[in-house]
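Atoms within a ligand are numbered from 1 in the order they appear, just like the ligands themselves. Every value quoted in this text rests on a predicted model; they were computed, and no experiment measured them.
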Amino acid sequence: MKNALVTGGSGGIGAAICRRLAADGCHVYIHAHRGLQAAQTLADAICADGGGAEVLAFDVTDPTAAAAVLAPLVEHQPIQILVNNAGIHDDAVFPGMRAEQWHRVIDVSVNGFFNVTQPLLMPMIRSRWGRIVNISSIAALTGNAGQVNYAAAKGALNSATKSLAREVASRGITVNAVAPGIIDTPMSESAFDAQEIARLVPMKRAGSPAEVADLIGFLASTQAAYITGQIISINGGMI
Ligand code: NDP
């Protein structure tokens with residue numbers, strides 16, 4: 001049985017990814033920060049269905065906290081599937097963007113990627129098999145007014161994905177990014193109403209977290225062994 005870690009497993013898309021990986025037979029570490037209760041409820045539901053799941057909690061922007069939780073976990077068995085899904089947005093048009101908004105959004109996505117991925121990588125490399133999927137955004141591909149910080153953070157994640165993919169390709173590890181469009185979660189509910197979605201999305205609907213999770217389930221599988229260094233967008237035809 002493979003161990004999988006999903007950061008932000010307490011959130012909308014993260015929870016669907018955890019369910020999918022558990023259904024595929026992984027033991028899933030559901031990571032949360034503030035949403036510990038949501039993560040525990042999800043772990044209980046997965047275990048009640050016969051799957052394996054447990055909850056981990058730390059702030060991904062805190063390298064010491066991340067290492068303190070992750071290093072002991074991989075001492076005896078590697079985590080071979082990592083989904084860097086934790087992310088925030090904090091939108092403002094650029095002239096009015098506070099430095100704190102800029103730094104915080106980049107801290108969670110980019111430094112969070114570093115703080116979580118680095119402690120897991122050597123054990124993954126030693127096992128000669130791994131899957132890393134970074135959750136990016138369509139905003140990094142098209143740009144988006146009011147999201148200069150978010151697009152910069154996700155763009156950095158895309159570039160990190162491509163470079164890390166080259167570093168570890170010969171070790172049986174793939175590294176890809178998934179760039180969702182508008183997905184039906186509380187994060188997007190606050191940003192888009194139904195009319196706006198119909199205007200922006202050729203399919204006239206938001207995607208579901210399960211649809212994103214299905215793509216990630218495939219990328220995490222053995223069948224996806226030859227796909228690496230890619231930014232794959234799932235967006236209902238927006239680009
Ligand atoms: P949610 O707000 O539902 O989930 C965000 C998750 O990130 C939560 O589990 C939260 O943990 C975690 N998180 C936030 N900050 C931290 C932190 N400092 N340390 C640890 N964990 C943290 O959002 P979604 O499910 O919608 O988004 C998931 C990912 O998908 C994000 O990266 C987002 O940018 C991306 N995305 C989403 C789109 C959408 O339309 N929904 C579109 C494109 C990309 P907790 O709640 O436990 O604190």
Side-chain angles (χ1 to χ4, degrees), residues 5-20 28-43 55-67 69-70 82-91 100-101 103-117 133-144 147 149-158 160-161 177-193 196-197 200-201 203 205-213 215-216 231-236 238-239:
L5 167 63
V6 180
T7 67
S10 49
I13 294 174
I17 299 168
C18 290
R19 277 191 222 99
R20 166 71 201 233
V28 182
Y29 292 110
I30 304 172
H31 161 268
H33 178 219
R34 296 201 176 90
L36 210 51
Q37 189 51 55
Q40 192 55 57
T41 304
L42 176 61
V55 172
L56 304 177
F58 55 86
D59 182 340
V60 295
T61 68
D62 180 342
T64 311
V69 172
L70 297 176
L82 167 62
V83 184
N84 285 301
N85 164 75
I88 57 167
H89 70 103
D90 192 352
D91 304 348
E100 181 200 321
Q101 290 177 288
H103 289 296
R104 181 81 188 144
V105 169
I106 288 176
D107 206 9
V108 174
S109 274
V110 185
N111 297 330
F113 160 81
F114 177 82
N115 294 336
V116 173
T117 307
V133 183
N134 299 317
I135 307 303
S136 178
S137 168
I138 195 171
L141 303 176
T142 60
N144 198 18
Q147 291 195 316
N149 52 354
Y150 184 71
K154 297 299 194 179
L157 206 51
N158 290 350
T161 298
V178 165
I182 301 171
I183 308 302
D184 192 9
T185 72
M187 183 188 267
S188 62
E189 257 168 37
S190 58
F192 305 99
D193 62 21
E196 186 79 341
I197 289 172
L200 293 170
V201 186
M203 285 191 182
R205 66 172 179 89
S208 72
E211 287 171 317
V212 178
L215 171 57
I216 290 155
I231 317 300
I232 301 165
S233 193
I234 172 165
N235 60 51
M238 287 174 78
I239 52 172

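Proximity to Phe58 (heavy-atom distance under 4.0 Å) selects the following atoms of ligand 1: 19 (N), 20 (C). Residue Ala32 approaches ligand 1 through these ligand atoms, each under 4.0 Å from one of its heavy atoms: 47 (O). Taking a cut-off of under 4.0 Å to the non-hydrogen atoms of Ala86, the atoms of ligand 1 that pass are 7 (O), 12 (C), 13 (N), 21 (N), 22 (C), 32 (O). The ligand atoms of ligand 1 that sit less than 4.0 angstrom from a heavy atom of Ile135 are 29 (C), 30 (O), 35 (C). Close contacts of ligand 1 with Ser137, meaning ligand atoms under 4.0 Å from a residue heavy atom, involve 43 (C), 44 (C).
Side-chain atoms of Thr161 and Asn134 form a donor-acceptor pair, as typed in the model, at a separation below 3.5 Å. In summary, the side chains of Asn158 and Ser136 do present a donor paired with an acceptor at a separation below 3.5 Å, with no hydrogens or angles considered. Remark: the Asp107 side chain and the Asn111 side chain contain an N/O donor-acceptor pair separated by less than 3.5 Å. The closest side-chain donor-acceptor pair between Thr117 and Asn84 falls under 3.5 angstrom.
Some N or O of Gly8 is nearer than 3.5 Å to an N or O of ligand 1, by distance alone. In terms of polar-atom proximity, defined here as any N/O pair under 3.5 Å, Gly12 does make such a contact with ligand 1. Between Pro186 and ligand 1, a contact under 3.5 Å exists for no N or O pair.
Scanning the protein for heavy atoms near atom 4 (O) of ligand 1, the closest one is Gly11 CA, 3.5 Å. Among protein heavy atoms, atom 48 (O) of ligand 1 sits closest to Arg34 N, 2.7 Å. Of all protein heavy atoms, the one lying nearest to atom 10 (C) of ligand 1 is Ser10 OG, 4.1 Å. Looking only at protein heavy atoms, the nearest one to atom 21 (N) of ligand 1 is His31 CE1, 3.4 Å. Atom 17 (C) of ligand 1 has Asp59 OD1, 3.6 Å as its closest protein atom, hydrogens excluded (heavy atom only). Among protein heavy atoms, the minimum distance from atom 26 (O) of ligand 1 is reached at Thr185 OG1, 2.7 Å. Considering only non-hydrogen protein atoms, atom 43 (C) of ligand 1 sits nearest to Pro180 O, 3.4 Å. For atom 31 (C) of ligand 1, the closest heavy atom belonging to the protein is Asn85 O, 3.2 Å.
Between Thr7 and Asn85, the shortest heavy-atom distance links the atoms OG1-N, 2.8 Å. Minimum interatomic distance between Val110 and Ala153 (heavy atoms only, all atoms of both residues): CG2-O, 3.6 Å.
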Checklist entry - How far apart are the C-alpha atoms of Ser10 and Leu36, what are their side-chain angles, what is the distance that settles it, and do they pass the side-chain contact (heavy atoms from CB on, under 4.5 Å) test? => result CA-CA 7 Å; Ser10 49; Leu36 210 51; over 6 Å; no
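Comparing Asp184, Ile138, Ile183 by heavy-atom distance to atom 40 (O) of ligand 1, the nearest is Ile183. Comparing heavy-atom distances from atom 23 (O) of ligand 1 across His89, Arg104, Met187, His33 singles out Met187 as nearest.
Val60 has its side chain within reach of Val108: a pair of non-hydrogen atoms, C-beta onward, lies under 4.5 Å apart. Contact of the Pro209 side chain with the Ile183 side chain is registered, since non-hydrogen atoms from C-beta on lie closer than 4.5 Å.
If you look at His33 and Phe58, their ring centroids are not closer than 6.0 Å.
Here Ser136 has backbone heavy atoms under 4.0 Å from ligand 1, and that is the only part of it that gets that close. Only the side chain of Val108 comes within 4.0 Å of ligand 1, judged by heavy-atom distances. The part of Ile88 lying near ligand 1 is the side chain, judged by heavy-atom distances below 4.0 Å. If you look at Tyr150 next to ligand 1, the close heavy atoms, those under 4.0 Å, all belong to the side chain.
Panel note: side chain Ser109, backbone Gly87; no donor-acceptor pair is recorded below 3.5 Å. The backbone N or O of Ile13 sits nowhere less than 3.5 Å from a side-chain atom of Thr185 that would complete a donor-acceptor pair. Asn149 contributes a side-chain N or O that, together with a main-chain N or O of Gln101, makes up a donor-acceptor pair within less than 3.5 Å.
Put simply, no part of Gly112 is less than 4.0 Å from ligand 1, judged by heavy atoms.
Glu211 has a carboxylate O that lies under 4.0 Å from a charged side-chain N of Arg205, or vice versa, which qualifies the two as a salt bridge.
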